[in-house]
Amino acid sequence: MKKSILILFVALLSATTFAQTAAKRTSEFNLEKKVAIQGYDPVAYFTQKKAIKGKSTIASSYEGVIYYFSSQANKDAFAKNPASFEPQYGGWCAYAMGSTGEKVEIDPETFKIVDGKLNLFYNAYFNNTLKSWNKDETNLKKKADANWKKIIN
């Protein structure tokens with residue numbers, strides 16, 4: 001009996017933690033109707049080295065965030081290790097997160113893989129923040145990591 005109660009308690013605690021994590025992620029991530037990266041395929045950035053629009057018919061959810069994929073193979077790869085394909089800083093502009101700690105919109109076609117992680121950047125109105133990022137990447141990455149940790153925790 002005590003073992004059953006303990007298992008039930010752990011299950012409830014896990015469910016509560018997941019719900020809190022999912023709620024935090026959906027409130028802080030750069031999403032449109034809970035969809036990340038404006039519907040672009042997160043796996044394609046790594047496998048095809050370019051931004052490819054995903055399909056709503058090939059979708060997967062990870063901790064409250066929905067991702068679209070351009071192929072079933074990409075969806076399957078994501079399912080094996082979703083955290084490795086998610087964009088850094090909740091999908092907000094990496095440069096802005098490092099420079100000012102602000103959540104700034106991105107152009108999903110302006111990206112860079114840094115240390116095996118997807119970083120997205122603002123690129124509009126003659127302002128491509130990837131160029132600024134490249135000038136001081138090490139420093140900006142450290143600051144972005146610290147700033148995002150404050151937001152998400």
Side-chain angles (χ1 to χ4, degrees), residues 14-153:
S14 296
T16 302
T17 301
F18 172 79
Q20 289 170 340
T21 300
K24 183 72 169 174
R25 287 167 50 92
T26 56
S27 70
E28 298 295 350
F29 277 42
N30 184 3
L31 307 175
E32 293 176 7
K33 297 180 183 173
K34 293 191 180 183
V35 176
I37 322 172
Q38 298 173 22
Y40 279 75
D41 180 338
V43 177
Y45 290 101
F46 295 89
T47 60
Q48 295 176 283
K49 310 285 190 246
K50 62 182 178 178
I52 298 175
K53 198 79 162 154
K55 301 172 188 170
S56 61
T57 55
I58 309 174
S60 182
S61 179
Y62 176 62
E63 294 185 356
V65 177
I66 299 168
Y67 291 92
Y68 291 167
F69 303 91
S70 58
S71 71
Q72 184 64 43
N74 284 5
K75 179 181 176 183
D76 293 344
F78 182 85
K80 289 178 185 172
N81 191 359
S84 68
F85 294 108
E86 280 198 305
Q88 292 294 93
Y89 319 120
W92 298 106
C93 174
Y95 172 78
M97 189 60 61
S99 176
T100 63
E102 292 179 87
K103 296 189 283 187
V104 172
E105 289 295 329
I106 51 99
D107 171 358
E109 297 191 6
T110 306
F111 70 96
K112 183 175 184 180
I113 306 295
V114 179
D115 297 331
K117 298 291 185 177
L118 174 60
N119 290 265
L120 300 164
F121 299 89
Y122 176 86
N123 184 5
Y125 306 110
F126 307 106
N127 184 12
N128 181 347
T129 60
L130 175 56
K131 292 177 182 178
S132 300
W133 172 270
N134 285 335
K135 291 177 185 174
D136 193 17
E137 181 176 270
T138 302
N139 187 41
L140 287 166
K141 184 181 178 315
K142 285 179 189 172
K143 288 181 178 178
D145 289 346
N147 288 335
W148 181 243
K149 192 173 184 178
K150 290 177 198 171
I151 291 170
I152 202 67
N153 287 333

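In this chain, numbering begins with 1 at the start of the sequence shown. Heavy atoms only: backbone and side chains are in, while hydrogens, waters and symmetry mates are out.
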Residue pair Lys55, Tyr68: steps toward the side chain to side chain contact (heavy atoms under 4.5 Å, CB included) verdict:
CA-CA 5 Å; Lys55 301 172 188 170; Tyr68 291 167; 5.9 Å; no
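- Between the side chain of Gln38 and the backbone N or O of Ile106, at least one donor-acceptor pair lies under 3.5 Å.
- Cys93 pairs with exactly one of Leu120, Asn119, Val104, Asp107 by the side chain to side chain contact (heavy atoms under 4.5 Å, CB included) rule, that one being Val104.
- Note that NZ of Lys135 and CG of Leu130 are 11.0 Å apart. Values are rounded to the nearest 0.5 Å.
- Residues Asn127 and Tyr122 are in side-chain contact: their nearest non-hydrogen atoms beyond the backbone lie under 4.5 Å apart.
- In this structure the side chain of Glu109 reaches within 4.5 angstrom of the side chain of Tyr40, judged on heavy atoms.
- Aromatic ring pairs are classed by plane angle as parallel below 30°, tilted from 30° to 60° and perpendicular above 60°; the pair Tyr45 and Phe111 is perpendicular.
- None of Lys149, Lys142, Lys141 except one satisfies the side-chain hydrogen bond (donor to acceptor under 3.5 Å, both in side chains) rule with Asp145; the exception is Lys141.
- Under the 30°/60° scheme for interplanar angles, the aromatic rings of Phe46 and Phe85 are found to stand perpendicular.
- When all heavy atoms are compared, the tightest approach of Ala144 to Ala94 is CB-O, 3.9 Å.
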Going through the checks in order, is the side chain to side chain contact (heavy atoms under 4.5 Å, CB included) test met by Asn74 and Thr47?
CA-CA 9 Å; Asn74 284 5; Thr47 60; 4.2 Å; yes
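- The backbone N or O of Lys117 sits nowhere less than 3.5 Å from a side-chain atom of Asp115 that would complete a donor-acceptor pair.
- At a threshold of 4.5 Å between non-hydrogen side-chain atoms, the residues Leu118 and Gln88 do not count as touching.
- Ion pair Lys80/Asp76 not flagged as a salt bridge, since none of the NZ, NE, NH1 or NH2 atoms sits closer than 4.0 Å to an Asp/Glu carboxylate oxygen.
- With Arg25 contributing its side chain and Glu63 its backbone, the two residues share a donor-acceptor pair below 3.5 Å.
- The closest donor-acceptor contact from the side chain of Ser99 to the backbone of Tyr95 lies at 3.5 Å or more, if one exists at all.
- A distance below 6.0 Å separates the ring centres of Tyr67 and Phe78.
- In terms of modelled atom types and a separation under 3.5 Å, the side chain of Lys24 and the main chain of Ile151 share a donor-acceptor contact.
- A side-chain donor-acceptor contact under 3.5 Å links Lys75 to the backbone of Ala59.
- Under a 3.5 Å cut-off, the side chain of Asp41 and the backbone N or O of Phe69 do not form any donor-acceptor pair.
- When all heavy atoms are compared, the tightest approach of Val43 to Ala77 is CG1-CB, 4.3 Å.
- Ring orientation note: the planes of Trp148 and Tyr89 are nearly perpendicular, at an angle over 60° on the 30°/60° scale.
- Salt bridge annotation for Lys112-Glu137: present, with a cationic side-chain nitrogen under 4.0 angstrom from a carboxylate oxygen.
- Among all heavy-atom pairs drawn from Pro108 and Ala51, the shortest one is O-CB, 3.5 Å.
- Scanning all heavy atoms of the two residues, the minimum distance from Ser70 to Ile52 falls at CB-CG2, 3.7 Å.
- Using a cut-off of 4.0 Å between Lys/Arg side-chain N and Asp/Glu carboxylate O, Lys103 and Glu28 are scored as salt-bridged.
- Panel note: side chain Thr129, backbone Ser132; no donor-acceptor pair is recorded below 3.5 Å.
- With Leu31 as reference, Val65 is the one residue of Ile66, Ile37, Val65 to meet the side chain to side chain contact (heavy atoms under 4.5 Å, CB included) rule.
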